[in-house]
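Below: one structure, written as structure tokens.
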Amino acid sequence: DQQVKQNSPSLSVQEGRISILNCDYTNSMFDYFLWYKKYPAEGPTFLISISSIKDKNEDGRFTVFLNKSAKHLSLHIVPSQPGDSAVYFCAASDASNTGKLIFGQGTTLQVKP
Amino acid sequence: DTAVSQTPKYLVTQMGNDKSIKCEQNLGHDTMYWYKQDSKKFLKIMFSYNNKELIINETVPNRFSPKSPDKAHLNLHINSLELGDSAVYFCASSHTGVDLAGELFFGEGSRLTVL
């Protein structure tokens with residue numbers, strides 16, 4: 001039973017446009033959400049996070065939106081750049097403070113020049 | 001000076017063999033993890049250690065045995081390898097107690113192929 005789902009395996013956008021990556025979760029106990037970015041042959045790297053007490057967090061070109069009632073979050077990248085081409089993982093944790101993250105299966109973003 | 005380094009990066013071995021993957025972090029973190037990325041690309045936690053103490057053991061077969069000699073190292077030993085163990089294994093580390101989840105720092109991964 002996958003508690004964090006990224007239903008789009010891939011996304012292709014033109015350079016300069018907005019990229020929107022989506023993530024759904026089922027566990028209402030999740031209270032902290034993160035996005036990781038992964039290049040081939042590298043480990044995932046942290047990108048941006050959001051606590052459940054917020055509905056938006058922004059860091060430069062990256063904004064994460066959280067809709068708790070819909071159990072949905074999204075990552076917006078604007079403007080998209082070719083260097084953003086990577087696999088993006090959504091992850092969630094609960095308040096157990098164990099550091100355990102539940103990951104989605106990732107969305108491959110391709111930004112075309 | 002890689003923050004989280006794991007060796008080997010690639011490992012090809014026969015079924016039934018025993019193998020180990022080593023992980024070291026130089027970030028001063030007190031918690032380390034092993035995650036497995038299977039063929040469906042899901043990243044799933046296997047173990048976590050906090051200051052050499054096992055915190056999370058996610059119903060992993062007992063053929064998998066983590067060992068943490070100190071808080072900067074977390075090794076993974078796998079006995080009697082099976083075909084289904086083929087995956088990419090990621091080591092990670094984090095602070096705990098700073099916030100609820102803590103940002104994980106991942107190594108580059110070790111791709112294990114069992115023939």
Side-chain angles (χ1 to χ4, degrees), chain A residues 1-10 21 23 25 27 29-54 57 59 62 64 66 73 86-109, chain B residues 2-10 21 23 25 27 29-51 53-60 71 74 88-111:
Chain A
D1 178 32
Q2 196 59 23
Q3 300 182 69
V4 177
K5 295 180 183 178
Q6 295 174 253
N7 292 317
S8 298
S10 62
L21 296 100
C23 178
Y25 62 95
N27 189 340
M29 297 302 292
F30 289 151
D31 63 352
Y32 196 71
F33 303 89
L34 307 91
W35 285 93
Y36 282 79
K37 176 178 175 179
K38 184 182 179 306
Y39 292 117
E42 295 184 11
T45 55
F46 171 75
L47 190 57
I48 192 169
S49 62
I50 188 167
S51 164
S52 60
I53 62 173
K54 296 185 175 180
N57 188 26
D59 183 2
F62 303 90
V64 57
L66 175 62
L73 64 155
V87 179
Y88 289 80
F89 289 97
C90 170
S93 75
D94 58 25
S96 63
N97 201 23
T98 61
K100 174 181 173 180
L101 295 183
I102 307 296
F103 283 85
Q105 66 269 52
T107 296
T108 301
L109 173 65
Chain B
T2 308
V4 181
S5 59
Q6 44 184 120
T7 55
K9 278 192 177 182
Y10 300 96
I21 307 172
C23 180
Q25 55 96 5
L27 297 167
H29 290 160
D30 51 10
T31 303
M32 296 185 72
Y33 311 80
W34 279 108
Y35 277 79
K36 177 181 179 181
Q37 186 178 31
D38 59 23
S39 57
K40 295 182 179 178
K41 305 301 181 187
F42 285 105
L43 268 164
K44 293 185 179 177
I45 191 167
M46 300 173 68
F47 302 102
S48 78
Y49 270 75
N50 179 272
N51 281 320
E53 182 185 348
L54 180 66
I55 302 298
I56 296 174
N57 182 341
E58 284 288 304
T59 59
V60 177
K71 72 175 191 177
L74 180 62
V88 182
Y89 292 86
F90 288 96
C91 177
S93 70
S94 73
H95 282 301
T96 48
V98 176
D99 59 43
L100 293 179
E103 172 190 335
L104 298 188
F105 291 78
F106 284 87
E108 293 183 329
S110 297
R111 181 176 292 277

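Reckoned from all heavy atoms, side chains included, excluding hydrogens, waters and symmetry mates. This is a predicted model, so every value here is computed, not measured. Just so it is clear: chains get the letters A, B, ... in the order the sequence lines come, proteins before strands, and each one is counted from 1.
When atom types are taken as modelled, the side chain of Tyr33(B) and the backbone of Leu101(A) share no donor-acceptor pair closer than 3.5 angstrom.
With a 4.5 Å cut-off on non-hydrogen atoms, Leu43(B) touches chain A through its backbone and its side chain both. At a 4.5 Å heavy-atom cutoff, the contact between Phe89(A) and chain B is made by side-chain atoms alone. The contact between Tyr35(B) and chain A is made entirely by side chain atoms (from C-beta outward), counting heavy-atom distances below 4.5 Å. For Gln6(A), no part lies under 4.5 angstrom from a heavy atom of chain B. Neither the backbone nor the side chain of Gln6(B) comes within contact range of chain A; no heavy atoms are under 4.5 Å apart.
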Side chains of residues 46-54 of chain A: which donor-acceptor pairs under 3.5 Å do they make with residues two or more places apart or in other chains?
from: Ser49(A); atom 1: OG; to: Tyr32(A); atom 2: OH; distance (Å): 2.9
from: Ser51(A); atom 1: OG; to: Ile53(A); atom 2: N; distance (Å): 3.3
from: Ser52(A); atom 1: OG; to: Asp31(A); atom 2: O; distance (Å): 3.3

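Annotation: side chain to side chain donor-acceptor pair (under 3.5 Å) contacts involving residues 38-47 of chain B, sequence neighbours excluded, are absent.
Contact record, Phe42(B) with Gln105(A): CE2-CB, 3.3 Å, taken as the closest heavy-atom pair.
Using a 4.5 Å heavy-atom threshold, the side chains of Leu104(B) and Tyr36(A) count as touching.
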